[in-house]
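Report on the structure given below.
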Amino acid sequence: MSQQAHPTPRPDEAAEPETPHLDFEGTTPYEDYVKADVLTHLQHTLSDDPGEMVFLVTTQVMELWFTVIVHEWETAARALRADDVPTAIAALKRSVRELEALNASWKPLGQLTPAQFNSYRGALGEGSGFQSAMYRRMEFLLGEKSASMLVPHRGAPRAHAELEKALHEPSLYDEVLRLLARRGHAVPDAVLHRDVSLRYEPSEEVEAVWTALYSGDAGDELARLGEALTDVAELVWRWRNDHLVATRRAMGAKQGTGGSAGVAWLEKRAQKNVFPELWTARSHV
């Protein structure tokens with residue numbers, strides 16, 4: 001029994017693509033989820049200089065990246081407490097990509113001349129990046145603890161409460177060291193039971209633990225955790241240095257906004273490494 005042939009449709013007869021759904025009762029599902037209208041109406045410039053909009057939006061984008069990175073590091077810390085190293089490494093690796101995006105945020109600001117920055121600097125008043133509550137949470141997670149950094153947030157109850165909680169919780173690195181101890185490595189009691197509300201100080205014994213791990217199997221789970229942490233630490237260092245260079249270029253050695261020492265303060269910060277023994281141990285492998 002022969003089959004009837006179906007003619008090939010001509011190009012002008014090809015089916016039109018379906019029109020997307022355009023008619024909604026209220027706001028679009030995209031708006032309901034992303035809140036784009038809220039985000040794109042948060043910019044209220046205080047000067048007539050067109051460059052202020054770039055500065056304001058870039059700073060707000062940085063705040064969003066801080067929020068994502070805090071989420072990743074808190075996820076990693078919880079996983080480490082549960083001895084779930086793969087989940088912790090996955091969160092740290094995501095945060096590396098996010099840190100790269102955060103660091104790229106300096107690009108729109110990195111070549112400001114002093115005259116360009118001065119044209120809207122007055123709009124900042126006493127405002128300064130060190131007053132960012134979410135950035136402070138990042139620093140606390142890295143072990144850079146300081147109770148005095150809660151003071152600027154006394155007038156914002158939610159931010160102050162979140163920072164106070166973070167101050168008294170173990171940092172991401174504290175959780176790493178506790179994991180190493182549970183796995184049988186000789187992390188000293190003074191490190192394991194230290195006051196976690198204070199800045200982490202390097203330990204020769206911890207350095208020896210990382211030296212042993214890096215002298216062994218490179219594919220070991222804990223060695224891979226160390227490399228993920230080192231990737232994070234490197235990008236934090238790059239963030240601090242990019243901040244330093246952008247500030248030096250825009251304002252030289254003048255006093256920073258918010259009463260900080262400006263470049264001198266940033267230079268001191270840029271000299272510090274987070275997770276310090278992961279760097280010093282490399283000299284002994």
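Quick note: residue numbers are just sequence positions, from 1.
Taking a cutoff of 4.0 Å between a charged side-chain nitrogen and a carboxylate oxygen, Arg137 and Glu63 do not qualify as a salt bridge. Under the 4.0 Å criterion applied to side-chain N and carboxylate O atoms, Arg194 and Glu201 are not assigned as salt-bridge partners. A salt bridge is absent between Glu72 and Arg97; no separation between the charged side-chain nitrogens and carboxylate oxygens falls under 4.0 Å.
With hydrogens and angles disregarded, a donor-acceptor distance shorter than 3.5 Å links the side chain of Arg282 to the backbone of Leu278. Although no hydrogens or angles enter the test, the distance criterion places no donor-acceptor pair under 3.5 Å between the side chain of Lys93 and the main chain of Ala228. Checked by atom type and distance alone, the side chain of Glu277 pairs as donor or acceptor with a backbone atom of Ser203 at under 3.5 Å. The backbone N or O of Leu235 sits less than 3.5 Å from a side-chain atom of Asn103, completing a donor-acceptor pair. No donor-acceptor pair closer than 3.5 Å links the side chain of His41 to the backbone N or O of Gln43. Listed for the Arg136 side chain is a donor-acceptor partner under 3.5 Å among the backbone atoms of Phe130. Distance alone, capped at 3.5 Å, is enough to place a donor-acceptor pair between the Ser171 side chain and the Asp174 backbone. In this structure, Arg240 contributes its side chain and Trp237 its backbone to no donor-acceptor pair below 3.5 Å.
The minimum heavy-atom distance between Leu167 and Lys145, with the atom names listed, is O-NZ, 2.9 Å. When every heavy atom of Glu31 is checked against every heavy atom of Ala36, the shortest pair comes out as OE1-N, 3.3 Å. Between Asp83 and Arg183, the shortest heavy-atom contact is O-NH2, 3.9 Å. Considering every non-hydrogen atom in both Leu42 and Gln60, the closest pair reads O-NE2, 3.3 Å. Of all heavy-atom pairs spanning Leu46 and Glu52, the tightest one is N-OE2, 2.9 Å.
The side-chain heavy atoms of Tyr200 and Val206, taken from C-beta on, include a pair separated by under 4.5 Å. Side-chain atoms of Met149 and Glu144, non-hydrogen and from C-beta on, never get closer than 4.5 Å to each other. Within the 4.5 Å cutoff, side-chain heavy atoms of Glu221 are placed close to those of Pro86. A heavy-atom distance below 4.5 Å is not found between the side chains of Val187 and Glu205. Using a 4.5 Å heavy-atom threshold, the side chains of Ser128 and Gln131 count as touching. Side-chain contact between His153 and Leu150 is absent, with no heavy atoms from C-beta onward closer than 4.5 Å. Contact annotation: the side chain of Val232 approaches that of Phe275 to within less than 4.5 Å [non-hydrogen atoms, C-beta and beyond]. Contact check for Trp279 versus Thr230: side-chain heavy atoms found under the 4.5 Å cut-off.
Taking the six-membered ring for Trp and thresholds of 30 and 60 degrees, Tyr214 and Trp210 have ring planes inclined between 30 and 60 degrees apart. The aromatic rings of Phe55 and Tyr120 sit tilted, their planes meeting at an angle between 30° and 60°.
With sequence neighbours left out, Ser197 forms a side-chain hydrogen bond (donor to acceptor under 3.5 Å, both in side chains) with Asp195. With sequence neighbours excluded, no residue forms a side-chain hydrogen bond (donor to acceptor under 3.5 Å, both in side chains) with Lys272.
For the residue pair Thr280 / Glu207, a side-chain donor-acceptor distance below 3.5 Å is found, with atom types taken as modelled.
The environment of CG in Asp48 is sparse: at most 12 heavy-atom neighbours from other residues, nucleotides or ligands sit within 6.0 Å. Atom CD of Gln111 has 12 or fewer neighbouring heavy atoms from other residues, nucleotides or ligands inside a 6.0 Å radius.
Both Leu192 and Leu225 sit in one connected hydrophobic cluster of ILVMFWY residues. Membership requires side-chain heavy atoms under 4.5 Å apart, directly or through other members.
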Residue pair Trp73, Phe140: steps toward the ring-ring contact (aromatic ring centres under 6.0 Å, His included) verdict: CA-CA 11 Å; Trp73 292 349; Phe140 283 4; over 10 Å; no
